[in-house]
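For ligands, and for the atoms within them, numbers begin at 1 and follow the listed sequence.
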Amino acid sequence: MNAQSIDARSMAGEAPLIRLRGITKVYGEGSAAFRALRGVDLDIGRGEFVAIMGPSGSGKSTALNVLGCLDRPSGGRYEFMGVRVEALSRDDRARLRRRHFGFVFQGFNLLARTSAQENVELPLLYRGEAAAARHAAAARALQAVGLKGWEHHTPAELSGGQQQRVAIARAIVTEPAVLLADEPTGNLDSQRSHEIMAFLADLNRQGITVLMVTHEPDMAAYAHRIVRFVDGVVASDERNASPTQPGSPVAAPATEPS
Ligand code: ADP
């Protein structure tokens, strides 16, 4: 299954964006085997903003890795835009991941000695895009997260909140359908956390589907739907009728940094 036929199917409106049925994930073998996911059923529509909560060890990150095609389920069915992901080859799965998913992690995961601009360009480099197109797209993505003027700074020269904004720019530079965020505010203070949530909420308003693992109720409150995992299954799945409405995301600095 190639990417073109994936898009053709989605345009035909045949399926929800994501459908998980009976997804299992077993780590290890024999007596050491651990069932991290024990039969997850979940549908996610295009444009949703979903918070995934639950106690530590309940399978949230494992589920996010399966959803983002970083990891294969041990069993069950995963349809993304109507395509059976678990049946794809490793290469096709990687292609699907690079084309449709962006990732933001708790630890930012930026290259240390590399400028913000180059960090953001990286996914485009993997895709083989030409330099001029990479530069322009990365500059736009950095501007979108309020970092115009900071392009040539390395992560060490940026605050934690700014580093996470670079990571968000890197995640959206490929214009993914889905943004997956694993505890994106876990390393940030309260004010910076709310700034990051304002950006995620803003991206969602622009149409990106956002799936975010968090254990912080204040952050989950931005989502429109809260899915709770317990012991490797979905224990509850609720609409949030009044999600937190962020103010406008932090504006670009009026003056360029020195
Ligand atoms: P959560 O994100 O809810 O804290 P995880 O999905 O990270 O939970 O982990 C679920 C369970 O699977 C945990 O008990 C964890 O120890 C186990 N686990 C996760 N990754 C691995 C792995 N690579 N090998 C073995 N066990 C793992």
Side-chain angles (χ1 to χ4, degrees), residues 17-44 48-80 85-86 88-91 93-94 96-97 100-110 160 163-164 167-168 170-171 176 178-188 190 192-193 196-197 200 204 209-240:
L17 187 64
I18 285 170
R19 176 179 284 162
L20 303 183
R21 287 293 179 274
I23 290 288
T24 60
K25 180 70 191 179
V26 182
Y27 291 114
E29 288 179 3
S31 59
F34 182 83
R35 293 168 67 212
L37 298 178
R38 298 166 182 247
V40 172
D41 297 333
L42 192 63
D43 281 0
I44 293 168
E48 285 206 76
F49 184 174
V50 182
I52 299 174
M53 302 192 78
S56 181
S58 58
K60 304 182 295 297
S61 296
T62 301
L64 209 67
N65 288 343
V66 168
L67 284 165
C69 305
L70 289 165
D71 206 355
R72 252 181 111 154
S74 307
R77 202 169 81 221
Y78 174 12
E79 293 174 19
F80 180 77
V85 176
E86 79 282 357
L88 296 178
S89 70
R90 200 185 173 84
D91 284 353
R93 207 169 64 239
L96 185 112
R97 179 173 70 235
H100 294 289
F101 292 89
F103 296 88
V104 176
F105 301 98
Q106 178 174 359
F108 318 143
N109 294 13
L110 301 173
Q163 288 181 56
Q164 193 59 307
I168 292 173
R170 182 185 54 190
V178 186
L179 187 65
L180 298 177
D182 198 350
E183 301 271 6
T185 62
N187 281 346
L188 300 174
S190 171
R192 305 289 164 244
S193 295
I196 292 301
M197 292 312 304
L200 296 184
N204 176 247
T209 303
V210 179
L211 308 182
M212 172 185 70
V213 167
T214 183
H215 62 262
E216 297 173 86
D218 280 5
M219 304 305 141
Y222 284 85
H224 303 178
R225 177 179 170 194
I226 299 177
V227 172
R228 284 196 172 74
F229 275 70
V230 175
D231 292 338
V233 295
V234 173
S236 70
D237 184 348
E238 293 166 351
R239 295 272 149 204
N240 177 13

Start with the C-alpha gap between S193 and E216, add the side-chain angles, then the distance that decides, and say whether side chain to side chain donor-acceptor pair (under 3.5 Å) holds. CA-CA 10 Å; S193 295; E216 297 173 86; 4.9 Å; no
Aromatic ring pairing F80/Y78, orientation class (parallel under 30°, perpendicular over 60°, tilted between): perpendicular
Compare every heavy atom of V104 with every heavy atom of A171, then report the nearest pair and how far apart it is. CB-CG2, 3.8 Å
Tell me, which residues have any heavy atom less than 4.0 Å from some atom of ligand 1?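 Residues within 4.0 Å of ligand 1: Y27, F34, A36, P55, S56, G57, S58, G59, K60, S61, T62.
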Is any side-chain N of the basic residue among [X] and [Y] closer than 4.0 Å to the acidic one's carboxylate O?
X	Y	value
D237	R225	yes
R19	D43	yes
R21	E86	no

